[in-house]
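Notes to accompany the following structure.
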Amino acid sequence: MSGMVTEFLVVADQIFILVLLIAAGYVAVSTKIMDPGATRGLSALLFNITIPALIVSAMQVPFTSERLADTGTMLLATGAFFALSFVVARIASRTMAVAPQKRGVFEFAIVFGSVSFMGFPVARALLGTDSLFYVALFNIVFNILLFSAGIAMLAGEKGFDPRLLANPGIVATIAGFLLFLASVEIPSPFIDAIDLLGGVTTPIAMIIVGAMLATLPAREMIGNWRVWATSAVILIALPVAYCCLLSTIFPDPLINGTMIMMAAMPAAAGTPVFAEQCGADARLASQIVFVSTIGSLVTIPLVATVLL
């Protein structure tokens with residue numbers, strides 16, 4: 001028992017570093033140091049520059065047949081996880097008797113976690129730099145499904161625009177993976193600049209999360225019991241389901257650790273934006289993001305301690 005407590009505290013210490021960064025973003029908005037325009041600018045910087053740089057940097061690893069085999073395993077594990085998450089989302093929305101017009105928001109929030117905003121920083125903090133290669137691969141499948149099945153959940157089939165798949169994250173992942181397959185090393189000083197850009201992803205991402213939370217009125221965001229139940233599914237049921245049903249199929253410790261951490265992420269921070277753009281309930285989406293993000297500060301170290 002004491003060993004588990006010690007491990008929990010070690011993991012919690014890493015998460016607390018991220019919490020302090022989130023607090024910095026919260027304070028910056030609360031004290032008017034940052035405004036919504038600054039938050040949007042940082043989000044654009046994150047998605048278009050720093051995350052792509054981090055992805056390319058993470059994929060600058062030596063090509064080996066073992067790593068190529070691991071790539072196939074990771075993509076299979078990711079596909080299996082999303083198949084599981086779609087089933088869990090459908091069962092959860094039916095069990096909670098969610099109204100048909102709100103069902104898409106609940107199911108979208110369960111399936112699509114904050115794997116870009118929080119996934120890279122948490123994986124780096126808890127699993128090390130080697131895990132970022134697998135997080136990038138996870139994001140390939142995530143982005144394809146997000147801009148196809150995800151949009152369909154919120155707006156119907158007519159809401160899907162294939163051009164959305166040409167985003168910097170996917171482009172960087174494909175470019176980085178091709179460089180990996182060809183064993184091409186980016187020369188200095190270019191790789192040094194890319195490493196530096198990728199290195200600021202963690203603080204920027206956490207500051208943005210804090211800034212977003214500061215714009216949500218806490219009393220209103222608490223929501224109803226379905227919001228709390230959905231957050232429990234996102235933060236606890238999904239990683240436990242993956243661990244029980246799929247972890248034995250994909251036994252590699254680093255791949256499994258990456259998958260469990262991705263499964264434990266809160267609802268994607270952009271869920272309200274997607275909901276608003278698709279004519280869905282953006283307020284409900286904000287409630288789920290708020291509750292699941294706050295809850296993840298406790299559940300992520302718990303999941304990491306118990307399941308990894």
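Please read these numbers as outputs of a predicted model, since none were measured by experiment.
- Here the closest heavy-atom approach between residue A211 and residue M34 is recorded as CB-CE, 4.1 Å.
- Contact annotation: the side chain of L137 never approaches that of T78 to less than 4.5 Å [non-hydrogen atoms, C-beta and beyond].
- Side-chain N or O atoms of S30 include none that pairs as donor or acceptor with a backbone N or O of V27 at under 3.5 Å.
- Contact of the M74 side chain with the F250 side chain is not registered, since no non-hydrogen atoms from C-beta on lie closer than 4.5 Å.
- By the criterion of side-chain heavy atoms lying less than 4.5 angstrom apart, applied directly or through intervening Ile, Leu, Val, Met, Phe, Trp or Tyr residues, V306 is grouped together with M262 in one hydrophobic cluster.
- The two residues A109 and I234 make their nearest non-hydrogen contact at O-CD1, 3.5 Å.
- In terms of hydrophobic clustering, with Ile, Leu, Val, Met, Phe, Trp and Tyr side chains grouped at heavy-atom distances under 4.5 Å, L68 and L75 are assigned to a common cluster.
- Cation-pi check for R67 over F133 is met; the charged atom lies under 6.0 angstrom from the ring centroid and within 45 degrees of its normal.
- Across all non-hydrogen atoms, the minimal contact from V56 to A172 is CG2-O, 3.8 Å.
- Under the 30°/60° scheme for interplanar angles, the aromatic rings of F138 and F81 are found to be tilted.
- Judged by distance alone, with hydrogens and angles left aside, the side-chain atoms of N48 form no donor-acceptor pair with the main-chain N or O of P168 at under 3.5 Å.
- Between S131 and L254, the shortest heavy-atom distance links the atoms CB-CD1, 3.9 Å.
- We find the CD1-CD1 distance between I22 and I17 to be 12.5 Å, quoted to the nearest 0.5 Å.
- Using a 4.5 Å heavy-atom cutoff, the side chains of T73 and D252 are not in contact.
- By the 4.5 Å heavy-atom criterion applied to side chains, D70 and Y134 are counted as neighbours.
- Here CG of L132 is found 10.5 Å from CG of N139. Values are rounded to the nearest 0.5 Å.
- Linking ILVMFWY residues whenever their side-chain heavy atoms come closer than 4.5 Å, directly or via other members, places L45 and V200 in the same cluster.
- Ring geometry for F142 versus F82: interplanar angle of 30 to 60°, hence tilted.
- Between M59 and A136, the shortest heavy-atom contact is CE-CB, 3.8 Å.
- Within the 4.5 Å cutoff, the side chain of F180 has heavy atoms near those of the T71 side chain.
- Judged by distance alone, with hydrogens and angles left aside, the side-chain atoms of S292 form a donor-acceptor pair with the main-chain N or O of I288 at under 3.5 Å.
- The closest donor-acceptor contact from the side chain of D192 to the backbone of S188 lies at 3.5 Å or more, if one exists at all.
- F86 has its side chain within reach of M153: a pair of non-hydrogen atoms, C-beta onward, lies under 4.5 Å apart.
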| Where do F112 and T271 land on the side chain to side chain contact (heavy atoms under 4.5 Å, CB included) test, with the steps shown first? | CA-CA 8 Å; F112 298 103; T271 301; 5.8 Å; no
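- Side-chain contact between T50 and I204: present, with at least one pair of heavy atoms (C-beta onward) separated by less than 4.5 Å.
- Checked by atom type and distance alone, the side chain of D281 never pairs as donor or acceptor with a backbone atom of K102 at under 3.5 Å.
- Between A77 and Y242, the shortest heavy-atom contact is CB-OH, 4.0 Å.
- The hydrophobic clustering, which links ILVMFWY residues whose side-chain heavy atoms are closer than 4.5 Å, places V303 and I294 together.
- Of the possible donor and acceptor atoms, one in the side chain of Q60 sits under 3.5 Å from a partner among the backbone N and O of V184.
- No continuous path of ILVMFWY side-chain contacts below 4.5 Å connects I208 to V289, so the two sit in separate hydrophobic clusters.
- Between the E107 side chain and the S93 main chain, no donor and acceptor come within less than 3.5 Å of each other.
- With a 6.0 Å radius and a threshold of 12 heavy atoms from other residues, nucleotides or ligands, R90 has its CZ atom at or below the threshold.
- Considering only heavy atoms from C-beta on, V171 stays 4.5 Å or farther from P52 through its side chain.
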